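Since the structure comes first, as structure tokens, the remarks are kept for the end.
Keep in mind the model is a prediction, meaning the values are calculated, not measured.
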Amino acid sequence: MSLNKVILIGNVGRDPEVRYFDSGAAVANFPMATSERGYTLANGTVIPERTEWHNIVVRRDQVSFVEKWVKKGSGVYVEGKIRTRTYDDQAGVKRYVTEIHADRIEFFSFGRREDGQATTTTTTAQPAQSTPFGQQPTYQQPATPQTDSFTESSDVDDLPF
């Protein structure tokens, strides 16, 4: 079994480009940025913030939502599949393009601290229920986990694995 699923939360880098075809089909493309916050290691080494850019491709009924509502700077949640395609450029060199073909796209609002920096959301938050396309999901915090009767011991040789 295999699975090709990508989940991204980030910001739109440019207004979407929408193309319509004679068949009535449409496709929208836009770049999306995701960032990992920088940090400093214990030895003083500074690891800078890292931003990755992703090419998002939207098809079918989602194109009208993207065309009407998604703009540069919008915070979006994207679920989809990663796909790589090839083409030959004008010089005949084979080029590779990696794209995210979106199955689901929603607005995502980032919390802000008093100093203007983005806050992170907890990764354990789950959608309370499935939301119709184009509506912002509501999130509920999971219940506090129950503690097992496990007691920590310094003798780990008793473990069955």
Side-chain angles (χ1 to χ4, degrees), residues 1-39 46-146:
M1 183 175 118
S2 63
L3 175 67
N4 181 356
K5 182 165 186 152
V6 176
I7 297 175
L8 299 170
I9 297 173
N11 293 85
V12 176
R14 175 178 34 89
D15 285 348
E17 176 185 308
V18 179
R19 291 181 312 228
Y20 290 93
F21 301 100
D22 292 338
S23 64
V27 65
N29 298 293
F30 61 88
M32 179 177 165
T34 57
S35 297
E36 295 177 41
R37 195 169 64 180
Y39 56 94
V46 176
I47 308 298
E49 180 177 295
R50 179 183 173 119
T51 300
E52 293 286 336
W53 286 93
H54 313 276
N55 297 315
I56 309 298
V57 178
V58 181
R59 297 182 188 278
R60 298 182 293 281
D61 58 338
Q62 297 179 19
V63 173
S64 60
F65 169 78
V66 168
E67 184 176 36
K68 184 174 182 179
W69 298 105
V70 176
K71 304 294 179 216
K72 178 180 179 177
S74 297
V76 291
Y77 167 93
V78 174
E79 279 185 33
K81 296 174 178 60
I82 191 166
R83 296 212 177 133
T84 303
R85 62 182 172 87
T86 62
Y87 69 95
D88 294 329
D89 68 7
Q90 293 176 347
V93 177
K94 184 175 253 185
R95 301 287 182 176
Y96 295 87
V97 177
T98 302
E99 300 169 323
I100 307 301
H101 285 244
D103 296 324
R104 180 177 177 178
I105 185 166
E106 297 180 8
F107 280 113
F108 187 87
S109 60
F110 298 96
R112 297 284 174 192
R113 295 191 311 221
E114 289 179 14
D115 62 3
Q117 295 296 316
T119 60
T120 58
T121 58
T122 59
T123 58
T124 57
Q126 297 293 325
Q129 59 185 355
S130 177
T131 56
F133 176 75
Q135 292 184 2
Q136 189 160 353
T138 57
Y139 288 89
Q140 72 184 45
Q141 292 294 343
T144 305
Q146 298 294 326

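The two residues V18 and A28 have their closest heavy-atom pair at CG2-CB, 4.0 Å. Considering all non-hydrogen atoms of both residues, T51 and A33 come closest at CG2-CB, 3.9 Å. A102 and V78 make their closest contact through CB-CG1, 3.9 Å (heavy atoms, listed as atom of the first residue, atom of the second, distance). Summarising the geometry of I9 relative to F108, their closest heavy-atom pair is CG2-CD2, 3.4 Å, with the distance given to 0.1 Å. Pairing each heavy atom of F107 with each of V70, the nearest pair is CZ-N, 4.3 Å.
Under the 4.5 Å side-chain criterion, counting only non-hydrogen atoms from C-beta, Y96 is in contact with T86. Taking 4.5 Å as the limit, every side-chain heavy atom of I56 sits out of range of all side-chain heavy atoms of V66. Using a 4.5 Å cut-off on side-chain heavy atoms (C-beta onward), D88 and K94 make contact.
E106 CD to W69 CH2: the interatomic distance, rounded to the nearest 0.5 Å, is 15.0 Å. How far OG1 of T98 is from CZ of R85: 9.5 Å, rounded to the nearest 0.5 Å. Between the CZ atom in R59 and the NE2 atom in H101 there is a gap of 5.5 Å [rounded to 0.5 Å]. Separation of atoms CE (M32) and CG (N55) is listed at 12.0 Å; rounding is to 0.5 Å. Atom NZ of K72 is separated from atom CZ of F30 by 14.5 Å, given to the nearest 0.5 angstrom.
Between the side chain of D15 and the backbone N or O of K71, no donor-acceptor pair lies under 3.5 Å. For the pair Q62 (side chain) and D103 (backbone), a donor-acceptor distance under 3.5 Å is present. Checked by atom type and distance alone, the side chain of N29 never pairs as donor or acceptor with a backbone atom of V57 at under 3.5 Å.
Under the side-chain hydrogen bond (donor to acceptor under 3.5 Å, both in side chains) criterion, D89 pairs with R95, sequence neighbours left out. Listed by chain and number, the residues in a salt bridge (charged side-chain N to carboxylate O under 4.0 Å, His left out) with E52 are R50 (sequence neighbours excluded).
Checking L8, V58, I7 one by one against I100, the side-chain contact (heavy atoms from CB on, under 4.5 Å) holds for a single residue, L8.
With a 6.0 Å radius and a threshold of 12 heavy atoms from other residues, nucleotides or ligands, F21 has its CZ atom above the threshold.
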